[in-house]
Asker: 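I'd like to ask some things about the structure below.
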Number of protein chains: 2
Amino acid sequence: MQNDDLVDPSQKAAIKRKRSDAVADRIRRHIFQAGLKPSDRLPQEPQLIDMFGCSRSTIREALKSLEVQGLVQNSTGPAGGARVASVSPARTIGLLSNYFYFHPINIVQIYQIRRLTEPELAASVVGHLRDSHFAALERTIEEQHEHPTDAAGWAHHRKVEVEFHEILIEACPNPLLGLMCRFVNEAINWTIGTVGDNELSWAFSCANIDYHRRLIDAFRSGDAERAREVMHEHVLSAESFLLRPNEPQQPVFAEPLQLD
Amino acid sequence: MQNDDLVDPSQKAAIKRKRSDAVADRIRRHIFQAGLKPSDRLPQEPQLIDMFGCSRSTIREALKSLEVQGLVQNSTGPAGGARVASVSPARTIGLLSNYFYFHPINIVQIYQIRRLTEPELAASVVGHLRDSHFAALERTIEEQHEHPTDAAGWAHHRKVEVEFHEILIEACPNPLLGLMCRFVNEAINWTIGTVGDNELSWAFSCANIDYHRRLIDAFRSGDAERAREVMHEHVLSAESFLLRPNEPQQPVFAEPLQLD
DNA sequence: TAGTATTTGTACGTATGTATA
DNA sequence: TTATACATACGTACAAATACT
């Protein structure tokens with residue numbers, strides 16, 4: 001029995017853990033230590049059953065745990081089974097959002113963070129934007145020029161505005177900064193989506209277009225500090241349009257985010 | 001059959017999901033919408049089997065999913081079963097750390113974030129520190145005065161230094177800011193722990209003590225901007241002691257964090 | 001297009017472990 | 001100590017999805 005492998009010698013009088021958790025932890029450790037890459041295959045269930053000397057349900061619970069963490073994906077059929085997956089930003093943010101049900105946060109507090117992260121994002125992408133990025137950025141500006149007429153048009157408009165920032169996140173060399181910006185964007189989207197106040201003023205849109213233009217300009221001249229400053233103004237401007245600081249703020253992510 | 005309850009009418013031609021995921025999602029949604037609080041009980045397994053019209057293994061996989069997410073905790077015995085749990089910071093950070101195995105981040109990039117978050121943390125706690133907080137802060141300074149002699153002493157010293165910042169996090173009214181600071185601290189701890197360079201210079205410690213003193217002073221006078229500035233200096237100072245920017249940096253969280 | 005083999009997903013029955021009274 | 005109520009673990013059987021012929 002390879003059952004003994006489960007016992008971690010480092011914790012002598014080990015706390016009582018569930019078997020499936022121990023197995024999940026061992027597999028996770030193996031993924032990290034063996035340097036497995038996305039789409040690398042894990043052994044199939046019968047082999048894992050053999051390796052760990054436990055039942056199928058235990059193995060399946062362990063794989064479920066890893067699946068929820070976003071570390072593996074399962075598929076059926078021939079050549080199926082568990083494969084290592086790159087933990088996606090969407091999943092990470094989904095898991096993160098759970099935290100804020102029990103530790104409520106409102107949109108004013110989100111903007112307190114956005115004032116920090118977005119300017120740094122703007123500064124950090126300088127020198128990392130390729131032609132394809134610039135092309136994509138310009139494209140969002142083109143699309144924003146059309147003055148929406150109906151609700152669907154405004155929704156699309158909003159989406160394009162957010163896209164500008166997502167392109168920057170793509171180019172950001174610091175993955176933690178990128179993730180924080182993604183989370184903040186998601187929080188803002190969520191708020192706008194639930195408040196249903198989709199028809200923001202055209203003046204707001206015009207201001208945004210102008211800021212985006214000035215940002216591209218700073219990016220092109222390779223001026224990180226100017227990019228930072230313009231983005232700072234941009235965030236403050238958006239804040240003044242979107243926030244009603246005196247109104248009571250409802251918690252962000254009061255409803256759960258989809259995990260896939 | 002209450003099986004129909006599983007079908008979300010909003011997504012007409014719903015994508016094919018696993019039953020257990022659908023059940024997990026429904027339970028999660030229920031927790032949020034019903035406003036359940038930590039330690040509130042969920043129905044027991046037989047009742048859930050009945051409610052969702054599916055088998056025990058499906059229900060157990062769903063509960064496992066929620067457990068991994070940190071939303072519920074299971075217990076055996078009479079009056080046992082699944083109870084709602086407040087998603088802990090430790091679990092959130094553990095799940096978050098998985099992301100960075102596939103999107104590597106080094107300590108220089110961590111400090112890029114720390115320069116943003118810690119000063120904001122210092123400013124944000126002004127007016128939120130109670131006597132107990134001040135007492136705890138002063139206590140860490142007392143403990144830091146002893147010049148460590150052995151490795152264990154230095155480890156303790158480090159721990160106390162970090163504790164100062166954790167007390168601030170406790171008092172921070174913005175949960176996202178608090179979480180980010182926690183994550184950054186964890187990353188720094190991890191790095192110091194693995195590098196094994198536990199014996200940092202005494203000059204570094206003395207500088208830290210001085211900064212901490214000046215921070216407490218700013219907190220007492222209710223001067224948020226001064227607190228921000230002092231903390232900014234503090235972070236830059238620590239950076240200059242800890243970082244060797246020209247050396248190749250190994251990725252942070254190359255080994256997985258414990259989830260409990 | 002249909003058929004078949006492979007592998008996970010779901011179901012059910014039973015036994016074991018554990019915490020409470 | 002015993003009984004009870006609950007989760008945890010195991011084993012087998014079958015359904016469903018996928019890839020390949």
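When reading the values below, keep in mind they use all heavy atoms of this one structure, side chains included, and skip hydrogens, waters and symmetry mates. Throughout, protein chains are lettered first and strands after them, A, B, ... in sequence-line order, and every chain is numbered starting at 1.
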Asker: Give me each pair satisfying side chain to side chain donor-acceptor pair (under 3.5 Å) with a member in residues 70-93 of chain A, each pair once, sequence neighbours excluded.
Answerer: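 Non-adjacent pairs meeting side chain to side chain donor-acceptor pair (under 3.5 Å): A:Arg91-A:Asp260.
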Asker: Between B:Ser124 and B:Pro173, which heavy-atom pair has the shortest distance, and what is it?
Answerer: O-CD, 3.6 Å
Asker: Of all residues at least two apart in sequence or in a different chain, which pass the ring pair (Phe, Tyr, Trp, His ring centres under 6.0 Å) check with B:His165?
Answerer: B:His212, B:His234
Asker: Quick one: salt bridge (Lys or Arg N to Asp or Glu O under 4.0 Å) pairs with a partner in residues 72-81 of chain A, sequence neighbours left out?
Answerer: none
Asker: Evaluate the salt bridge (charged side-chain N to carboxylate O under 4.0 Å, His left out) criterion for residues B:Lys64 and B:Glu61: first the C-alpha distance (whole Å), next the side-chain angles of each, then the deciding distance (0.1 Å), finally the verdict.
Answerer: CA-CA 5 Å; B:Lys64 185 75 191 174; B:Glu61 275 201 7; over 6 Å; no
Asker: Could you name each residue pair satisfying salt bridge (Lys or Arg N to Asp or Glu O under 4.0 Å) that touches residues 164-191 of chain A, not counting sequence neighbours?
Answerer: A:Glu170-A:Arg182
Asker: Using a cut-off of strictly less than 4.0 Å between a heavy atom of the residue and any atom of DNA chain D, enumerate the qualifying residues of residues 67-76 of chain B by number.
Answerer: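 B:Asn74, B:Ser75, B:Thr76, in order of number.
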Asker: Anything under 4.0 Å to a heavy atom of chain B counts; send over the first and last such nucleotide of DNA chain C, read 5' to 3'.
Answerer: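 Footprint of chain B along DNA chain C, 5' to 3': C:dG9 to C:dT20.
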Asker: Not counting sequence neighbours, which residues clear ring pair (Phe, Tyr, Trp, His ring centres under 6.0 Å) with A:His103? List them please.
Answerer: A:Tyr99
Asker: With B:His133, which residues qualify under ring pair (Phe, Tyr, Trp, His ring centres under 6.0 Å), at least two apart?
Answerer: none
Asker: Any salt bridge (Lys or Arg N to Asp or Glu O under 4.0 Å) pairs touching residues 99-108 of chain A, not counting sequence neighbours?
Answerer: none
Asker: Short of 4.0 Å, heavy atom to strand atom, which residues of residues 38-45 of chain A count as contacting DNA chain D?
Answerer: none
Asker: To the nearest Å, how far apart are B:Leu63 CG and D:dA9 P?
Answerer: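 That distance rounds to 14 Å.
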Asker: Can you work out whether A:Ser55 or B:Gly81 has the more 5'-proximal nearest nucleotide on DNA chain D?
Answerer: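 Final value for this comparison: B:Gly81.
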Asker: Rounded off to whole Å, could you give me the NZ-to-P distance for the B:Lys18 and D:dA17 pair?
Answerer: 13 Å
Asker: Do we see a donor-acceptor contact under 3.5 Å between the side chains of A:Glu146 and A:His157?
Answerer: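 Side chains of A:Glu146 and A:His157: no pair found under 3.5 Å.
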Asker: Taking CZ from A:Arg56 and P from D:dA13, how many angstroms apart are they, rounded to a whole number?
Answerer: 13 Å
Asker: For B:Tyr101, which residues count as a ring pair (Phe, Tyr, Trp, His ring centres under 6.0 Å) partner, sequence neighbours excluded?
Answerer: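 B:Tyr101 satisfies ring pair (Phe, Tyr, Trp, His ring centres under 6.0 Å) with A:Phe32 once adjacent residues are dropped.
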Asker: Are any of B:Arg60's side-chain N or O atoms less than 4.0 Å away from OP1 or OP2 of D:dT8?
Answerer: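 For B:Arg60, the contact criterion (side-chain N or O under 4.0 Å from OP1 or OP2 of D:dT8) is met.
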Asker: At what angle, to 10 degrees, do the two end axes of the helix from C:dA2-D:dT21 to C:dA21-D:dT2 meet, given five pairs define each axis?
Answerer: 10°
Asker: Is any side-chain N of the basic residue among B:Arg158 and B:Glu161 closer than 4.0 Å to the acidic one's carboxylate O?
Answerer: yes
Asker: Looking only at atom types and distance, does a side-chain atom of A:Thr191 sit under 3.5 Å from a main-chain N or O of A:Ala187, one as donor and one as acceptor?
Answerer: yes
Asker: Whole angstroms only, please: what is the CD-P distance between B:Gln47 and D:dA5?
Answerer: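 These atoms are roughly 13 Å apart.
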Asker: Across the strands shown, which category fits B:Thr58 at heavy-atom distances under 4.0 angstrom: base, sugar-phosphate, nothing?
Answerer: sugar-phosphate
